[in-house]
Amino acid sequence: MKKIAFFCCALLALGFASCDDNSDLGTPQVNPQLPAVDASELQPALSSELASGAIDLASVAEIPAISNPAIENMPAGASVAYEMELATKADFSNAVTLPVTDGKVSAAEWNTYYRETLGNNNTPLVNYVRFAAYFVQGTQRVRVGNLDNWYGTKQLTVTPQAFAYEMATVNSDAGTTQIANFSGDGKTFTGYVLVNSEYTFTYKGVSYGKKSSTALEAGSTTPCTVSTPALYLIEFVYEEEKSSTFKATQIRSFGAIGDFNKNAKQVNLTLSGRVFKGEVDFGETLPESNQFRFRMNNNNGVLLGGFQYDLLPGGAMMDVPGEGVYELTVDLSKIPYVYSYTKK
């Protein structure tokens with residue numbers, strides 16, 4: 001007869017330890033009404049979807065995840081349940097827990113985690129999953145094995161549900177460029193635009209031209225102007241009841257700042273078109289706080305950060321790629337803005 005090692009249930013004098021109370025789970029006690037068995041003999045199977053190594057979160061509402069083998073000698077009313085840990089780091093240091101219902105997990109909840117940790121891009125990126133098992137009988141629920149006991153650890157390439165920022169268009173004499181409403185407020189659009197001398201805006205099919213030094217006029221094609229051909233951070237603020245406004249900031253320098261240089265003078269990258277490239281030394285030790293982002297014009301009011309594949313104006317600090325020297329490439333030619341790196 002097959003054994004089932006749950007070492008279950010501190011159900012006697014010490015009472016029941018729930019899955020949310022981890023203090024006693026490492027040394028579970030045995031309920032004499034249940035078979036005392038070896039947890040390693042529980043061998044759940046990953047779904048074919050997870051086993052394939054690639055998941056498309058837009059394909060179905062629920063993602064098949066894990067299934068139970070046939071289990072002998074189970075008490076009446078007893079079963080095994082699972083939770084899935086989901087992470088974007090291989091050490092699971094940024095993991096969240098998703099409930100598993102009938103062997104499936106919610107694609108929407110998975111997608112929410114993807115967006116919160118990897119940003120609003122549509123790039124297939126690496127996620128990691130693993131499963132905790134629980135013995136369940138009535139309202140009682142106890143972790144199988146100890147806190148280091150996991151099943152089905154797997155690296156996956158995950159395609160998120162599609163996302164698109166709302167856009168406005170800058171019609172520059174150096175080319176047409178889209179700028180985005182990164183904040184989601186439906187008003188403020190920003191982006192990086194090459195301008196030789198003049199530009200106008202288009203939003204929802206309406207043209208906007210210069211009315212004054214900061215104001216725009218709907219229906220106008222009078223160009224806004226700059227004195228120097230360069231890359232500019234351009235802001236367009238849409239106002240329905242009054243004049244919309246604009247602002248252009250010339251990008252004179254672009255570099256990296258962070259814990260590695262105590263957020264001091266930025267380590268500059270070299271511009272070509274709308275792509276910056278250069279080497280940054282992140283140091284030989286990597287404390288947990290070693291984070292960085294990008295800064296322009298040595299001005300903390302002009303920052304870029306957030307996510308590797310979704311760099312945001314004013315975005316938060318990001319984890320450094322690793323120790324030592326890296327060549328960074330920051331692509332501002334299309335939205336979402338991204339950076340890549342190569343170890344030197």
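This is a predicted model, so every value here is computed, not measured.
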Tyr165 ring center near Phe182 ring center (under 6.0 Å):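 Centroid separation for Tyr165 and Phe182: below 6.0 Å.
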Centroid-centroid distance, Phe131 to Tyr151, less than 6.0 Å: no
Check against side chain to side chain contact (heavy atoms under 4.5 Å, CB included), Phe294 and Val330: CA-CA 9 Å; Phe294 300 103; Val330 183; 3.5 Å; yes
Distance only, no hydrogens: is a donor on one side chain within 3.5 Å (strictly under) of an acceptor on the other, for [X] and [Y]?
X      : Y      : value
Asn149 : Arg143 : no
Tyr208 : Asn171 : no
Tyr128 : Asp91  : no
Ser253 : Gln266 : yes
Lys277 : Ser272 : no
Glu166 : Tyr203 : yes
Asn94  : Thr88  : yes

Side chain Asn261, main chain Gly258, donor-acceptor under 3.5 Å: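 Such a contact is found between Asn261 side chain and Gly258 backbone.
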Sidechain-backbone polar pair: Arg293 side chain, Ala256 backbone, donor-acceptor under 3.5 Å: no
Check against side chain to side chain contact (heavy atoms under 4.5 Å, CB included), Leu271 and Leu231: CA-CA 9 Å; Leu271 174 64; Leu231 179 67; 4.2 Å; yes
CA sep, side-chain torsions, deciding dist, call: Ser243, Lys211, side chain to side chain donor-acceptor pair (under 3.5 Å): CA-CA 9 Å; Ser243 294; Lys211 181 179 180 181; 3.2 Å; yes
Sole candidate of Phe276, Tyr337, Tyr192 that passes ring-ring contact (aromatic ring centres under 6.0 Å, His included) when paired with Phe254: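 Running ring-ring contact (aromatic ring centres under 6.0 Å, His included) over Phe276, Tyr337, Tyr192 with Phe254 returns exactly one hit, Phe276.
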Residue among Tyr339, Phe260, Tyr326 satisfying ring-ring contact (aromatic ring centres under 6.0 Å, His included) with Phe292: Tyr339
Smallest separation among heavy atoms of Val193 and Ser172, with atom names: CG1-CB, 4.1 Å
Atom of Pro229, atom of Ser227 and distance for their closest heavy-atom approach: CD-O, 4.2 Å
Any [X] side-chain heavy atom under 4.5 Å of [Y] side chain:
X      : Y      : answer
Tyr199 : Val226 : yes
Val126 : Leu156 : no
Leu312 : Phe307 : yes

Candidates Tyr113, Tyr114, Trp110 - the one meeting side-chain hydrogen bond (donor to acceptor under 3.5 Å, both in side chains) with Asn127: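 Of Tyr113, Tyr114, Trp110, side-chain hydrogen bond (donor to acceptor under 3.5 Å, both in side chains) with Asn127 is met by Trp110 alone.
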Salt bridge Lys89-Asp319, side-chain N to carboxylate O under 4.0 Å: yes
Cationic N near anionic O, under 4.0 Å, Lys187 to Glu239: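 A salt bridge is present here (some side-chain N lies under 4.0 Å from a carboxylate O).
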Met296 CE to Leu269 CG distance, which is reported to the nearest 0.5 Å: 10.5 Å
Aromatic ring pairing Phe236/Phe201, orientation class (parallel under 30°, perpendicular over 60°, tilted between):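 Aromatic pair Phe236/Phe201 classed parallel.
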In one Ile/Leu/Val/Met/Phe/Trp/Tyr side-chain cluster, 4.5 Å: Val170, Val302: no
Cation-pi geometry met for Arg141 and Phe135 (6.0 Å, 45°):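 No, cation not above the ring by the 6.0 Å, 45° rule.
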CA sep, side-chain torsions, deciding dist, call: Ile335, Met167, side chain to side chain contact (heavy atoms under 4.5 Å, CB included): CA-CA 10 Å; Ile335 295 169; Met167 301 286 194; 3.8 Å; yes
Derivation of the side chain to side chain contact (heavy atoms under 4.5 Å, CB included) call for Arg115 and Asn120: CA-CA 6 Å; Arg115 295 297 180 208; Asn120 291 322; 3.3 Å; yes
